[in-house]
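Below you'll find the structure, written out as structure tokens, and then a few comments.
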Amino acid sequence: MKKTHLFAPGPTPVPPEALLSMALPILHHRTPEYEALFAEVREGLKGLFQTAEEVLLFAASGTGGMEAAVVNILSPGDRALVIRGGKFGERWGEICQAYGIDGVPVDVPYGKAVNPALVAAALERDPQVAAVFSTHSETSTGVLHDIEAIARIVRKTPALLVVDAITSLGVMDLPVDAWGLDVVVAGSQKALMLPPGLTLVGVSRKAWAAVERARLPRYYFDFAAERTHLLKNQSRFTPAISLVVGLQQTLRMIRTEGLANIVRRHARLAAAMRAGVTALGLELFAERPSPAVTAVHVPKGIDGGAIVKTLRAKHGVIIAGGQGSLKGKIFRLATMGYADASDVVVALSALELTLAELGYPVKIGEGIRAAQEVLAQ
Ligand SMILES: *Cc1c(COP(=O)(O)O)cnc(C)c1O
């Protein structure tokens with residue numbers, strides 16, 4: 001017998017409340033029952049996004065929501081700033097390129113957060129920029145960009161700020177209206193505690209005005225057409241019914257715990273995880289670490305792939321390695337969504353054993369002790 005423990009930055013564990021609700025016989029979506037459920041989900045999403053505007057839902061992975069953001073607010077030949085510095089920042093650039101958008105990169109080295117002054121300077125140099133695309137929590141490097149500061153800069157200009165909040169919404173405070181974020185993309189399989197397959201997109205008033213002008217081709221991901229149906233508690237096409245049913249449950253859990261407590265819990269778990277790995281003599285990769293995922297340098301002389309593989313094969317602990325050029329150089333442990341203090345201890349205990357097995361000098365229990373000291377505060 002082996003138990004599996006999911007510490008990957010997506011998909012993340014799904015709580016029993018959601019699993020059981022999704023196991024019930026399928027609802028038909030063109031019914032009053034579904035409409036009542038969807039009405040509750042719409043309200044719950046407004047609370048989670050801290051917005052008075054509607055949050056759109058599409059059956060797609062998170063990248064679908066990113067593509068939807070691009071095609072609904074821009075026109076062919078438009079110029080955009082693309083904050084990179086990781087796989088997901090780069091993805092914004094790739095989507096822009098696919099649609100003929102002139103994406104001007106703002107590059108930061110992997111592991112570093114973008115300096116908001118760079119964004120201000122780029123916007124001053126080029127007032128024609130129609131949109132700024134950024135990641136909030138860059139899952140590939142474990143870095144948290146300062147979206148609040150970037151938003152202060154962008155909202156004084158005609159440009160829209162489009163944020164990949166896929167590993168930040170439901171993890172940290174992200175008041176969409178108060179910060180003035182224009183398009184905010186989330187995904188079901190991260191902090192929303194659901195299986196993959198649902199993307200959520202918050203759209204500001206400023207962004208809706210751009211949607212009317214935007215001329216990029218779109219069909220499935222059409223914000224205006226989708227909103228018409230959403231206002232009637234419906235969706236334009238067959239929704240991911242089971243995921244919406246599960247979302248009703250996880251939004252209830254989120255409301256019961258309260259956003260402020262959720263933010264505190266994630267901050268505490270990530271702090272404990274960071275304390276644990278550094279107590280083992282390991283080095284953090286991110287200079288401004290995200291509370292969703294902890295990225296750690298693979299120590300010299302140890303095979304990074306073997307850490308991930310041993311954790312999985314011997315201990316049933318699923319974590320993520322590095323992506324692209326970071327492959328073999330870092331590993332990543334998520335503390336996101338349905339996670340609590342005991343999960344951190346499980347991950348660290350398996351990590352200690354794994355490192356010992358691979359020949360890294362580790363004093364068994366030191367990581368756990370440091371984490372427990374943070375958790376006890
Ligand atoms: C997971 C993730 C995505 C979306 O990836 P999908 O595989 O399309 O769901 C996008 N951005 C970030 C920061 C992510 O962590």
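Start at 1 and go down the list; that is how both ligands and their atoms are numbered.
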Could you check atom 9 (O) of ligand 1 against the protein and tell me its nearest heavy-atom contact, residue, atom and distance included? Gln189 NE2, 2.7 Å
When you check the gap from the basic side-chain N to the acidic O, do Glu40 and Arg252 get nearer than 4.0 Å? yes
Residue Thr167 vicinity, atoms of ligand 1 by number, heavy atom under 4.0 Å: 15 (O)
Check Glu257 with Arg265, please: is the shortest side-chain N to carboxylate O separation under 4.0 Å? yes
Would you kindly specify which portion of Ile166 sits under 4.0 Å from ligand 1, judged on non-hydrogen atoms: side chain, backbone, both or neither? side chain
for atom 3 (C) of ligand 1, nearest protein heavy atom and its distance come out as Phe88 CE2, 3.5 Å
Which of the atoms of ligand 1 are close to Gly62, meaning less than 4.0 Å from one of its heavy atoms? 4 (C), 6 (P), 8 (O), 9 (O)
What I want to find out is whether Arg227 reaches Glu54 closely enough, with some N-O distance under 4.0 Å, to be called a salt bridge. no
Pairs of nitrogen or oxygen atoms closer than 3.5 Å, one from Asp164 and one from ligand 1: do any exist? yes
Mind checking what makes side chain to side chain donor-acceptor pair (under 3.5 Å) contact with Asp107, not counting sequence neighbours? Arg84
CD1-CD1 distance between Ile150 and Ile147, expressed to the nearest 0.5 angstrom: 4.5 Å
Protein heavy-atom partner closest to atom 15 (O) of ligand 1 - residue, atom, separation in Å: Thr139 OG1, 2.5 Å
Ligand 1 versus Ser137, non-hydrogen atoms closer than 4.0 Å: side chain, backbone, both, neither? backbone
When you group the ILVMFWY residues by side-chain heavy-atom contacts below 4.5 Å and let the links chain together, are Val171 and Phe88 in the same group? no
Could you name the option among Ser61, Gly187, Gly10, Pro11 that has the heavy atom nearest to atom 7 (O) of ligand 1? Ser61
shortest atom 2 (C) of ligand 1-to-protein heavy-atom contact is with Lys190 NZ, 2.6 Å
Would you say Gln249 and Pro15 make side-chain contact, with heavy atoms under 4.5 Å? no
Under 4.0 Å, heavy atoms only, figure out whether ligand 1 is touched by the backbone of Arg91, its side chain, both or neither. side chain
Does Gln128 have more than 12 heavy atoms from other residues, nucleotides or ligands lying within 6.0 Å of its CD? no
